[in-house]
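To keep things clear, I will list the structure first and then write my remarks on it.
Labels below follow one simple rule: chain letters A, B, ... track the order of the sequence lines, proteins then strands, and each chain is numbered from 1.
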Number of protein chains: 2
Amino acid sequence: MHPSTQNIKVAVDNVIFTVIGNKLFVLLIQMKKKPLEGVWAMPGGLVGEKETLDDAATRILREETGVKAGFLEQLHTFSAPKRDPFGRVVSTAYMALVSAEGIKLRTTSKYMGVDWMPYAGAKKLAYDHNQILAYAKTRLEWHLEHTNIAWSLLPREFTLTELQRVYEAIRGRKAEKRNFRKMMLGRDIIASTGKSVMRGAWRPAQLYRFKSGDRVAK
Amino acid sequence: MHPSTQNIKVAVDNVIFTVIGNKLFVLLIQMKKKPLEGVWAMPGGLVGEKETLDDAATRILREETGVKAGFLEQLHTFSAPKRDPFGRVVSTAYMALVSAEGIKLRTTSKYMGVDWMPYAGAKKLAYDHNQILAYAKTRLEWHLEHTNIAWSLLPREFTLTELQRVYEAIRGRKAEKRNFRKMMLGRDIIASTGKSVMRGAWRPAQLYRFKSGDRVAK
DNA sequence: AGTGCTTAGTGTCTTTTGTACACAAAGTAC
DNA sequence: GTACTTTGTGTACAAAAGACACTAAGCACT
């Protein structure tokens, strides 16, 4: 092996999740580049000379959504020699979680389109992006049960029912109301704000907030 | 950013763990290259043109130990622009677990030395290798509690006490014998072989084996 | 004012899991 | 056969997770 001859590009790909209503969504872009014209993929790009991978992921996220992620974490580096038909590219996948509220997607000329797609409907993505997406989902599920990342998918204040919807969207199954509340309160990571809010023509719900925006293992 | 001008090397670094006696050890090499002469580091190297990262990690492990890892997993990719004084190198860390039994370390001319070092004594490593090592230890602890990776640190058949030593070495604290046994048997991942073996001048112990060499989440 | 509707919010029992703790069993050495 | 060392087990308690039914608070409609 001759190090000086190594010619591998280094990229990052972002799996950007949000929850809208009762469903988990992922941000996809529709490609323009020729053999993959019209195909959907996760947004990504090459890493700059003086950027860390984290920097690059943050930059790409901002380019697509204009926001800073509530949560951004490196997942895994994918390296199959033929994963990219345009040449040897090793790509590090990141997972970003954002609150859908107040996000305006930016349609750039780089892509044919940018949109939120239901996680369950994201099939036939470009490159190895289906594999990356599946990996991200698994990690997301893990975090949900073991850390407090849910805060990054919600606005600063929320009702327990809204929080429950996030859990249900990601787990893909209904939760039992009383046990869910007991579990969340028992983890000691959320606190009541004292305020309550009307979400419809019925009994108002209390607003809660996460005690810390930092990730906490249980 | 001009993709064609990107000039980043891609490497892997291996954190190779084993347990000897009651202690966790990590395989380190002593460097020859000038400004880092004599400094200890984890073995690593550039990725070949047609290799995946997994391939490269497997190759490097074999070059140092001559064995295939019982367990090999990608950990994280480190990318600080100045992490390597010789130039921009992005490195993916891998963790390998091997059974110390029957391993002959290969002293190659590439290094001043190769040796097992107690985990607790591995200070002042080259590059960002202390950070990588700490990351690997955390992951190892997680696997110990949630999967059956301990199998890759032991010979095929072992006594429960030997298994307990592995857990104690990694956790860094003693375990309670009865609870440890109940926990291990309750996970349903080990089975008695029916054989028993003398480990000294006292009551013989039963030999167990892992039911599967595959990693199993609890 | 009263009835019906919808969601918010709580208490208790059961099962499972983890933890603490003490003694009998099976070998060897002398 | 006695002393020694390790193997090997049972039980009680505490904590966490899961199942389950009812009351409370608001609005809409009459």
Side-chain angles (χ1 to χ4, degrees), chain A residues 19 21-22 141-148 150 154-155 157-209 216-218, chain B residues 19 21-22 141-148 150 154-155 157-209 216-218:
Chain A
V19 171
N22 291 356
E141 288 168 1
W142 184 86
H143 273 295
L144 199 68
E145 304 306 330
H146 298 280
T147 74
N148 65 352
L154 286 166
E157 303 191 335
F158 50 87
T159 68
L160 284 180
T161 300
E162 287 162 351
L163 181 59
Q164 187 174 337
R165 294 284 167 269
V166 169
Y167 274 74
E168 290 172 341
I170 295 170
R171 289 172 169 169
R173 57 188 161 79
K174 294 272 179 197
E176 208 281 322
K177 184 167 58 162
R178 276 162 299 188
N179 293 338
F180 178 80
R181 284 158 185 256
K182 197 198 309 180
M183 183 265 288
M184 284 308 304
L185 294 170
R187 283 196 195 176
D188 196 38
I189 53 179
I190 60 176
S192 172
T193 63
K195 289 178 271 186
S196 63
V197 67
M198 303 283 305
R199 292 288 195 238
W202 50 77
R203 175 171 177 174
Q206 280 188 70
L207 282 175
Y208 285 79
R209 59 177 176 74
V216 171
K218 185 153 202 202
Chain B
V19 170
N22 291 357
E141 287 167 1
W142 185 87
H143 272 296
L144 198 68
E145 304 305 330
H146 298 281
T147 73
N148 64 353
L154 286 166
E157 303 190 336
F158 50 86
T159 68
L160 284 180
T161 299
E162 287 161 351
L163 180 60
Q164 187 174 337
R165 295 284 168 269
V166 169
Y167 274 74
E168 290 173 342
I170 296 171
R171 289 172 170 171
R173 57 188 161 80
K174 294 273 179 198
E176 207 283 322
K177 184 165 61 161
R178 275 161 300 189
N179 293 338
F180 178 81
R181 282 157 187 255
K182 198 196 309 179
M183 183 266 288
M184 284 309 303
L185 294 170
R187 284 196 195 174
D188 198 37
I189 53 179
I190 59 175
S192 171
T193 62
K195 288 179 272 187
S196 63
V197 67
M198 302 285 304
R199 291 287 194 238
W202 49 77
R203 178 172 175 172
Q206 279 190 71
L207 282 174
Y208 285 78
R209 58 177 176 74
V216 170
K218 189 152 201 202

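Residues passing the salt bridge (charged side-chain N to carboxylate O under 4.0 Å, His left out) test with A:R178, sequence neighbours excluded: A:E176. When the side chain to side chain donor-acceptor pair (under 3.5 Å) test is applied to A:S192, the partners found at least two apart in sequence or on another chain are A:Q206. Applying the side-chain contact (heavy atoms from CB on, under 4.5 Å) test to A:A191 and every residue at least two apart in sequence or in another chain returns A:R209, A:K211.
Put simply, the residue from A:I190, A:V166, A:T193 that forms a side chain to side chain contact (heavy atoms under 4.5 Å, CB included) with A:F158 is A:I190.
Taking atom NZ of A:K174 as the reference point, atom P of C:dT7 lies 10 Å away to the nearest angstrom. The interatomic distance linking B:M184 (CE) with D:dT9 (P) rounds to 15 Å, in whole Å. Look at CD on B:E162: it is 13 Å from P on D:dT6, rounded to the nearest Å. Rounding to whole angstrom units, CG of residue B:L160 and C1' of D:dT6 are separated by 13 Å. Taking atom CZ on B:F180 and atom P on C:dT19, their separation rounds to 13 Å, with Å as the unit. In this structure, the CG atom of B:L207 is 12 Å from the P atom of D:dT7, given to the nearest Å. Residue B:E145 contributes atom CD, which lies 12 Å from atom C1' of C:dG18 at whole-angstrom precision. Between the CD atom of A:Q164 and the P atom of C:dA8 there is a distance of 9 Å, rounded to whole Å.
A salt bridge does not link B:E162 to B:R165: none of the charged nitrogens lies less than 4.0 Å from a carboxylate oxygen.
Under the 4.5 Å side-chain criterion, counting only non-hydrogen atoms from C-beta, B:T147 is not in contact with B:R187. Looking only at side-chain heavy atoms (C-beta outward), A:L185 and A:Y208 come within less than 4.5 Å of each other.
In this model, the phosphate group of C:dG9 is approached by a side-chain N or O of A:Q206 to a distance below 4.0 Å at OP1 or OP2. Residue B:T161 places at least one side-chain N or O closer than 4.0 Å to OP1 or OP2 of D:dT7.
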Between the protein and nucleotides 28-30 of chain C, list the N/O to N/O atom pairs that are separated by less than 3.5 angstrom.
from	atom 1	to	atom 2	distance (Å)
C:dT28	O4'	B:A201	O	3.4

Please list, for nucleotides 10-12 of chain D, all pairs of protein and nucleotide N/O atoms separated by less than 3.5 Å.
from	atom 1	to	atom 2	distance (Å)
D:dT11	O4	B:K182	NZ	3.2

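Map B:R203 and A:Y208 each onto its nearest nucleotide of DNA chain C; the residue landing nearer the 5' end is A:Y208. Comparing B:L185 and A:M183 against DNA chain D, the residue whose closest nucleotide sits nearer the 5' end is B:L185.
The nearest pair of heavy atoms linking A:P204 to A:M198 is CG-SD, 3.4 Å.
Fit an axis to the five pairs at each end of the helix from C:dA1-D:dT30 to C:dC30-D:dG1 and the two axes sit 10° apart, to the nearest 10 degrees.
Base engagement by A:R181 is indicated by at least one non-hydrogen atom pair under 4.0 Å involving a base atom.
The closest donor-acceptor contact from the side chain of A:E168 to the backbone of A:N22 lies at 3.5 Å or more, if one exists at all.
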Problem set entry | A:N148/A:M184 under side chain to side chain contact (heavy atoms under 4.5 Å, CB included): CA gap, chis, key distance, verdict | CA-CA 10 Å; A:N148 65 352; A:M184 284 308 304; over 6 Å; no
